[in-house]
Amino acid sequence: MPPKESNTAGPVLRKRQTKQAEPTGSLKRKADQDDLLSNEGMSQKFSDGLKITPCKSRSSKSGAVCSFGMSETERDKDEEKYAKHLVQNYTHRNIGELLDFAKPATTAGQKAAELKTDFISDLMERILAGEKLATKRGLDSRLLVQFARKIGKWTKVGSSLKSEKPLYEYFSNFALFVAQCLKSKTASKNSDIARLILPAERTDYKPDDSNDSRRIDVGLAMHGINASVKCVSLNSYADMLCIAEAKKSRALDKDALAQLFLYSVNIYMRQPNRRYVWGLTICADEVYACLMLNDGFFVSPAMRISEPGGRKMLISWLVQWSMCPEDRLGYDPTMCRVPNSDDADVGGSNSDKVDDKRYTIDCYDDKSQETTTYITKRTIMSADDMLGRHTRCFVATRHSGSGTESSANEVVIKDAWSPAKHPPLEDPRDEIKLLRKIHDTFEQDTPDHIYPNMLVGSHVRLDQKDKSVIDTTDAIFNAAGVDRIDPPSDPGTTSAWKHQPLRAHRRIVMSPVGHSIKTVQNEAELIIVLVEAMNCYSSVLSQCGVLHRDISTNNILVVRDGKDTIPRGLLIDFDFAVKVDTHERSARPERSGTLPYMSIANILNLDTPRTALDDWESLLYVVCWLATVGITSSHRVPDAELGKKPIKYWRIGSPEEIAEAKRNHMDSARIFQSNIVEKFCAQYKLLPRFAIALHKALFGNSNCPGALLGLKVYGGDSSDDDDDDDSFNGDSGDSGNKPTGGPNDPLVKRNAHVDEILANLEKVLGKFKRKAITVL
């Protein structure tokens, strides 16, 4: 809860009964990420006592949700805390079956990998023992002996050494030894080697496409079997297979994992065709392989380089990575990078830099059962977290193969790993099904507003064992011969590594093409865009029976028909949407959405139906957030100033603490004005009045006033007339009692007056759209 603030127009906020957690930035956004389909995330806690708030919130630049009021140093520390949290809460150690996830697809390939591993292991042991190689083996003995000298030093370092730096060279020479053997005629005579795994020539360096100042230890890249066996130029995350993070002591294995997680997110961000990511940690003479999936991280048993068995196991990993299909390295075979594509447009709202490569994407449609290939023009959203959906969005055109794609037929492709409670084809909450319903409804009765028009939609399909399978978490596990198990329903139950949520890889092609809400040029344009998006929201709910449940800045786009035309608003992202009865228009209680825009009842998961009012409440928070942060770069408020504003408490702390802060801010007319509205950017004139009118309609209804118990905010009726009186006219006070979500809770009582409140909200929209158009 915010601290007390002086307010000459009314009383201050009441004192919090519980201790307020310190601001933790993206620590909160990342915990349990964006998949709130249950209460399980609520039981998770950080080792240092900081509570997790389950939410969906994408990272961004200074001033965005994840970095609100934080300096670069504070953000770095926050990310480091988050990485340690991943090690403690999402990591499973000593997984003996992990190597099976990278095995060749066929039995013959697996047998060949075993033979090659045996051959290379035997050769390494003989050289380490001082035996001279016979030239008839067709190997470059000079190179192998050179590599083995460094490997021999590695075998003698023991459990720790003074510096980690020698480990970079030791590991690189190990990888080169394996690659040289695979390249030799003796080892590769069956031509079943798909690639060589080669280390980067630079070590302890910052990749060119990094968003931060962090330095990786060793990068690994894939090269063709005919490539020279040497350390290679590897300057970007976009070109990396994986990262190897080194530490000088075995005891620092957890620190190595934390850094590996911290750095590997850049591979997700720069490589939109990555389904999952591999990595290695090197802790003195022990090496671990790590598989990083959407909901958990799996670590192999230790491979001790001082022992022949440990060396052979590391050889086996490098051999299998050299022989397995690319999908088992985590790549998506339906999305291929276009060679020499560095000239693609670059844009995006969730990072300073996004991938600058172009990709061809095969998009299958489950209705027509046809596949259309598109080529990306720019990336507008990249995956920015180790956990969650890894949503990517691209602007693309149909791929003609001629290189003459036109912008006239641009589309948006959304690619995401969505959570599924049912097998993909049976899931009633499938975004594809909901968008198809919207498409079919509005195709028959075209509305005045724009809407997300799905052109192609289906789950991504892969070829496995001569059959087409839907790309899911199960498909990843099944390829390794492992059965995934649903996580236990009791959040207090200890989960085994196989207890992983089911996710389905979905791909949707839509129009029209929109741009970030940050591209509006002034507050009048913002209001018009928000109004249009909510008009779409209302139509989708009333005509299609679809409740969106995730109104946020990321899910409202700006569409312009021309350079000087009035913008339009497009509502997107129906991942959290549910089908509801068009008459009841409510869904069962379930926490979902994006901080800091989630409604109070949603955050608390109150035992009351979720209705459209929860989404309209989110709209109010969107207005307040943007008006506080600044809607354009020229209006952006400095981080240091942002951290002093009470609105920061909408996104830090436990769910109870966030909800309590919002209850206090929303309950009293004068407190809302003094703590929130008066903190808007000073140049805004329409947005304060717009926020006040929305607040009045939502929290000023005479039948269920306020947000705390037993306190009436506004005198008289809350209907909004066509006059310009958008000022507060009620008293503000302190109810002094804790909100319980019981029958006297105004947030519960207001569900009996949904239609009346919605009618007032629609009046507010119409009124302020007219005002905004007049300003423009």
Side-chain angles (χ1 to χ4, degrees), residues 95-128 133-141 143-144 147-148 151 171 173-199 220-229 241-242 275-276 278 280 287 289 291 298 300-301 303 305 308-331 333 462-467 469 475-482:
I95 308 302
E97 301 98 318
L98 193 60
L99 185 59
D100 292 335
F101 284 80
K103 65 186 179 184
T106 65
T107 303
Q110 294 163 21
K111 181 62 176 177
E114 291 177 7
L115 292 174
K116 288 175 174 57
T117 298
D118 290 342
F119 166 75
I120 298 171
S121 175
D122 175 68
L123 192 60
M124 182 180 289
E125 297 308 315
R126 290 167 59 192
I127 296 177
L128 290 175
L133 296 181
T135 56
K136 65 181 181 179
R137 286 185 174 272
L139 296 168
D140 189 333
S141 57
L143 271 179
L144 292 180
F147 298 148
I151 298 171
F171 171 74
N173 278 269
F174 196 106
L176 291 172
F177 187 101
V178 174
Q180 181 63 40
C181 291
L182 291 175
K183 183 180 173 64
S184 73
K185 294 180 180 179
T186 304
S188 60
K189 61 184 179 182
N190 294 325
S191 301
D192 47 11
I193 307 300
R195 63 194 69 87
L196 297 179
I197 308 300
L198 301 175
L220 291 178
M222 301 185 299
H223 283 264
I225 190 64
N226 294 319
S228 299
V229 177
L241 168 64
C242 66
R275 301 157 62 235
Y276 53 82
W278 290 98
L280 293 167
V287 180
L291 172 61
F298 311 136
S300 72
M303 296 173 270
I305 302 303
R311 294 193 288 272
K312 183 175 182 179
M313 184 56 65
L314 181 54
I315 291 170
S316 183
W317 274 100
L318 293 170
V319 168
Q320 293 205 168
W321 281 349
S322 299
M323 296 180 64
C324 69
E326 284 196 359
D327 64 284
R328 299 194 183 189
L329 293 175
Y331 290 93
L462 304 178
D463 292 327
Q464 288 186 357
K465 297 180 179 179
D466 298 324
K467 65 178 182 179
V469 300
I476 295 173
F477 274 69
N478 292 342
V482 178

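These numbers come from a predicted model, not from an experiment.
Around CE of Met222, the count of heavy atoms belonging to other residues, nucleotides or ligands within 6.0 Å exceeds 12.
Shown here for Asp327 and Pro333, the closest heavy-atom pair between the two residues is CB-CD, 4.1 Å. Residue Ile197 comes nearest to Leu318 through the heavy atom pair CG1-O, 4.2 Å, listed as atom of the first residue, atom of the second, then distance. The heavy-atom pair separating Leu98 from Phe298 by the smallest distance is CD2-O, 3.4 Å. What you find for Ile315 and Met124 is that their closest heavy atoms are CD1-CE, 3.9 Å. In plain terms, the two heavy atoms of Leu196 and Ala227 that are nearest each other are CD1-O, 3.8 Å. Closest approach of Leu176 to Pro199, counting heavy atoms only: CD2-CD, 3.6 Å.
Annotation: the span from Phe174 atom CZ to Leu314 atom CG amounts to 4.0 Å, rounded to 0.5 Å. The structure places CG of Leu144 at 8.0 Å from OG of Ser184, a figure rounded to the nearest 0.5 Å. Interatomic distance, CD of Gln180 versus CD1 of Ile120, reported as 10.5 Å (0.5 Å rounding). To the nearest 0.5 Å, atoms CZ (Phe177) and CG (Leu123) are separated by 4.5 Å. Atoms CD1 and CG, on Ile476 and Leu291 in that order, are 8.0 Å from each other to the nearest 0.5 Å. How far OG of Ser228 is from CG of Leu198: 9.0 Å, rounded to the nearest 0.5 Å.
Between the side chain of Lys183 and the main chain of Ile225, a donor-acceptor pair closer than 3.5 Å is present. Between the side chain of Gln320 and the backbone N or O of Leu99 there is at least one donor-acceptor pair closer than 3.5 Å. Although no hydrogens or angles enter the test, the distance criterion places no donor-acceptor pair under 3.5 Å between the side chain of Ser121 and the main chain of Lys312. Remark: the backbone N or O of Ala221 is not paired with any side-chain donor or acceptor of Arg195 at under 3.5 angstrom. Between the side chain of Arg275 and the backbone N or O of Gly330 there is no donor-acceptor pair closer than 3.5 Å.
Arg328 meets the side-chain hydrogen bond (donor to acceptor under 3.5 Å, both in side chains) test with no other residue; sequence neighbours excluded.
Here the options are Ile151, Ile305, Leu280, the test is side chain to side chain contact (heavy atoms under 4.5 Å, CB included), and the partner is Phe171; only Leu280 passes.
A 4.5 Å side-chain heavy-atom check between Phe119 and Val319 finds every atom pair outside the cut-off. Side-chain atoms of Trp278 and Trp317, non-hydrogen and from C-beta on, do get closer than 4.5 Å to each other.
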